[in-house]
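As structure tokens, the structure follows; a few thoughts come after it.
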Amino acid sequence: MPEIILTGIKPTGTPHLGNYVAAIAPALRLAEESNAALGLFFIADYHALTSEHDATRLDAQSKEVAATWLAAGLDTEQNIFYRQSRIPETFELHWILSCFTPKGLMNRAHAYKAAVAQNVEKGLSEQDKGINVGLFNYPILMSADILLFDADTVPVGQDQVQHVEIAREIAGKFNHNYRKQILHLPKAQVLKSVAAIPGLDGRKMSKSYKNTIPLFAPKEKFRKLIFGIVTDSKTPTEPKETEGSVLFALYQSFAQPESTERLRTAYAEGISWADVKQATFELIDSLVSEKRERYNYLLSHTDEVEQILLTGEAKARVRAKATLARVREVVGIRGAGFE
Ligand code: TRP
């Protein structure tokens with residue numbers, strides 16, 4: 001059996017450089033390197049619905065994420081690429097799993113805990129105020145995504161490791177109840193990336209800080225964003241500190257180690273901020289420009305993207321149906337009438 005690698009991306013914003021460096025690029029590398037493996041990559045559009053309640057935005061972001069994966073080089077022959085929403089088996093499995101999930105386990109899930117903590121901090125009398133049950137059940141839906149495809153390895157960022165552990169725990173309880181290895185236990189693989197990529201203001205690049213640089217911003221906009229990064233007021237020839245320099249960290253996230261060392265020397269010898277900005281812009285632009293063209297092409301040819309997804313979804317559903325049939329049988333939902 002080839003190793004199955006599975007990961008999903010939630011379309012809650014326009015993909016930015018941080019997403020690329022920390023998630024997209026390493027996940028694609030992993031899929032490429034382990035060529036004995038089957039990779040499943042999907043758009044977790046129904047996960048996004050827990051927080052995105054604007055229809056136009058949800059639709060647009062889902063399309064952007066799909067185009068991003070393809071533009072970044074996802075091989076859709078070697079891997080299966082699909083939208084979570086087109087795999088209805090996911091939602092049936094979600095229900096079944098929820099009947100094996102201790103509520104206390106969900107109380108301890110970090111996204112829910114953080115939302116409650118925020119309410120408590122605000123001094124609200126109702127600690128669950130504004131928290132929808134979708135957010136509460138989020139880890140169960142993610143478990144369904146993973147367990148439906150018998151995934152071995154789930155490449156994720158550190159913040160998602162707890163969710164993969166939860167999937168293991170639910171699968172273990174399910175198997176234990178029926179005294180059978182029905183569900184396959186997955187493992188998280190934390191994606192290694194260079195140090196957190198800084199946003200425009202020097203904090204970690206994150207949609208919630210509004211400091212992101214879109215991965216495929218038009219060239220001129222991209223140049224403006226880079227040139228707008230605030231630096232200290234050292235004169236052009238003065239030596240500069242790499243420590244704490246947003247531009248240096250950004251450059252380092254994309255450069256080969258030798259180039260980074262050259263820039264380090266240039267800082268010590270006194271390179272102007274304008275030159276640092278130009279170098280950073282050129283480096284990143286040279287890495288993304290071809291992909292940006294492909295991205296723009298795909299966004300204006302969404303029918304082509306849709307065809308690719310439909311093909312992936314047909315393949316994914318064959319697997320999903322097999323798992324769900326196994327699960328229904330063992331829980332005692334038997335007989336005719338299933339699609
Ligand atoms: N929760 C993940 C995130 O926010 C996205 C996701 C949904 C996912 N289902 C998944 C990741 C299954 C890996 C496997 O990043």
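First listed ligand is number 1; within each ligand, the first listed atom is number 1.
- Ligand-side atoms of ligand 1 in range of A44: 7 (C), range being under 4.0 angstrom from any heavy atom.
- Numbered from 1 in the order shown, with element, the atoms of ligand 1 that lie under 4.0 Å from a heavy atom of K10 read 4 (O).
- The closest protein non-hydrogen atom to atom 7 (C) of ligand 1 is H47 ND1, 3.3 Å.
- Side-chain polar atoms of T14 and E64 form a donor-acceptor pair below 3.5 angstrom.
- Below 30°, between 30° and 60°, or above 60°: for F281 and F222 the angle between ring planes is between 30° and 60°, a tilted geometry.
- Ligand 1 has no N or O atom lying under 3.5 Å from any N or O atom of H163, backbone or side chain.
- The closest protein non-hydrogen atom to atom 9 (N) of ligand 1 is D145 OD2, 2.7 Å.
- The shortest N/O to N/O separation between Y138 and ligand 1 falls below 3.5 Å.
- Residue contacts with ligand 1 for Q84 are absent, since no atom lies close enough (heavy atoms, distance under 4.0 Å).
- Proximity of a side-chain donor or acceptor of T7 to a complementary backbone N or O of P155 within less than 3.5 Å is detected.
- The closest side-chain donor-acceptor pair between D45 and S62, if any, does not fall under 3.5 angstrom.
- Contact atoms of ligand 1 toward Q160: 1 (N), 2 (C), 3 (C), 4 (O), 15 (O) (distance under 4.0 Å to a heavy atom of the residue).
- Annotation for K187: atom NZ does not count as buried by contact number, only 12 or fewer foreign heavy atoms lying within 6.0 Å.
- When each atom of ligand 1 is checked for a heavy atom of V154 under 4.0 Å away, the hits are 13 (C), 14 (C).
- Just one of E121, K122, Q127, E126 meets the side-chain contact (heavy atoms from CB on, under 4.5 Å) condition when paired with L124; it is K122.
- Side chains of E238 and T235: a donor on one and an acceptor on the other come within 3.5 Å.
- Shortest contact from atom 5 (C) of ligand 1 to any protein heavy atom: G8 O, 3.5 Å.
- Counting only N and O atoms by type, the side chains of Y112 and D128 include a donor and acceptor under 3.5 Å apart.
- Counting heavy atoms under 4.0 Å from ligand 1, residue I146 touches it through the side chain alone.
- The part of V156 lying near ligand 1 is the side chain, judged by heavy-atom distances below 4.0 Å.
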